[in-house]
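Proteins get letters first, then strands, A, B, ... in listed order; numbering begins at 1 in each.
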Number of protein chains: 2
Amino acid sequence: MRPLNTKSKEEILTIAIPLFAGSGYSGVSMRAIALKVGVSAAALYHHFPDKQTLYLAAMAQAFVDKADSLEEILSSRVAPEKRLAQFITCLCELVHKDNDFSMLIQREMMDGDESRLQLLASEVYHSLFQGVTELCQELDPKHDPYLLAISIIGSVMYHFQTAAIRPYLPHSKEQHSDPQVVARHVTNFVLQGLKTG
Amino acid sequence: MRPLNTKSKEEILTIAIPLFAGSGYSGVSMRAIALKVGVSAAALYHHFPDKQTLYLAAMAQAFVDKADSLEEILSSRVAPEKRLAQFITCLCELVHKDNDFSMLIQREMMDGDESRLQLLASEVYHSLFQGVTELCQELDPKHDPYLLAISIIGSVMYHFQTAAIRPYLPHSKEQHSDPQVVARHVTNFVLQGLKTG
DNA sequence: AATAATTAACTTAACGTTCGTTTAACGTAG
DNA sequence: CTACGTTAAACGAACGTTAAGTTAATTATT
């Protein structure tokens, strides 16, 4: 059925994902993808009708199932404080391990049109966000759950968004790139704020 | 001295900035810039030797003096809690008003090479970050000042980074795009955390 | 079981377009 | 006249994409 040298759609997308994550849609040419895959550029058109379709398929594959471990934590029945700590730790490890994932999310939020934002929302954010807002309401019903959820997620994500510029900032140390160190700090920060217990 | 149709370097950069902010370096062609400016593409090469130089000049102009109002607040002598509230409010208004600014920062942190990250750090982050870390140490010396500063800035920035996807998220309301609403929430969040003091 | 037809996955070559950039010529202000 | 800011035109390279032909595996036919 399939010759040994044949590349499947999934293989192509798996190779395209880090390329798009690193250079964005217009920064990656069909020829560049083909080169990495090890086929001619024309071969890509056997699997995808055009570049946009290939890109959208790559996004769909990059996003699918990524938030599963987070949702599992959010739907567990442990105490809210502990659930929050587990969520933050898991999110830290996810974005630290899979840098492409967070880069793609960032690029999509900047460049995505309406339909692409809807894909991102339904595939990544929606169920995750639902869980976080529910957790927020358990933790402190006085806060606006939307605003609180964004603040919490943002205070995690920004540590990894700024990773590239960290070497040039004052007070930065090597340990600040350790997801466990970040997780411990953010958990503490979110739960206690600056109120010195 | 200067013919009426002549465009100065600054005028070109002022027009190029929102283009680069919206589509990134590889998403904006010299011809697209020239069209918006109202000159031929060749004319741009009278002012800048190549696209990269034009881009770097645009970044330098986009970043210069942006953080001034923030630094002013950070170096004032009001009480730390009040200074934090003013800083957060000012940052919210800055990134809300000048969307190009935060988009460019985001893109530079993702795409910038070493020298561009250094420009970003020295022109935008460094003095600002120094002020925030000092404020953090006044507020709560027990926290790591670097981690705390990133968490605070991130919990502000993420509200505006996620603005495009907000309509597709649960619990979102129109008021969540109001920088004053965000500022009030984040200030409260940072100072009190989730301890329902 | 051997052979013919079909199909999927690929190739090379080329299409027209757009890219960054260069060149040469032109007008205008000092 | 000179210097500056511009223009139209063109350069080669790279872009997304298409067309036609090749190979190898599957299916159908005898």
**Q.** Residue that, paired with V186(A), satisfies side chain to side chain contact (heavy atoms under 4.5 Å, CB included) out of T89(A), V156(A), I152(A), V181(A)
**A.** V156(A)
Could you tell me how far apart [X] ([atom1]) and [N] ([atom2]) are, to the nearest whole angstrom?
X      : N       : atom1 : atom2 : result
L35(A) : dA14(D) : CG    : C1'   : 14 Å
Y45(B) : dA10(D) : OH    : C1'   : 14 Å
I12(A) : dC10(C) : CD1   : P     : 6 Å
D50(A) : dT17(D) : CG    : P     : 5 Å
K51(B) : dT22(C) : NZ    : C1'   : 17 Å
L44(A) : dT12(C) : CG    : P     : 13 Å
R31(A) : dT18(C) : CZ    : P     : 15 Å
I33(A) : dT17(D) : CD1   : P     : 11 Å

Q.
Students often get this wrong, so: under 4.0 angstrom with heavy atoms, is V28(A) touching a base, only sugar-phosphate, or nothing?
A. sugar-phosphate
Presence of [X] side-chain N/O under 4.0 Å of [N] phosphate oxygens OP1/OP2:
X      : N       : value
S40(B) : dT6(D)  : no
H47(A) : dC10(C) : yes
H46(A) : dA9(C)  : yes

Q. Between dT11(C), dA8(D), dG16(D), which one does the side chain of M30(A) approach most closely?
A. dG16(D)
Q) Taking the side chain of A42(B) as its heavy atoms from C-beta onward, which of dG20(C), dA8(D), dT21(C) lies nearest to it? A) dA8(D)
(Q) Would D178(A) and R184(A) count as a salt bridge (charged side-chain N to carboxylate O under 4.0 Å, His left out) here? Give the steps. (A) CA-CA 10 Å; D178(A) 181 347; R184(A) 202 177 318 128; over 6 Å; no
Q | Where at least one partner belongs to residues 104-129 of chain A, residue pairs that pass ring pair (Phe, Tyr, Trp, His ring centres under 6.0 Å), sequence neighbours excluded | A | F129(A)-Y146(A)
Q.
Under the rule for side chain to side chain donor-acceptor pair (under 3.5 Å), what residues qualify as partners of E108(B), not counting sequence neighbours?
A. Y55(B), R116(B)
Q: Answer yes or no: is there a side-chain heavy-atom contact under 4.5 Å between F189(A) and S155(A)?
A: yes
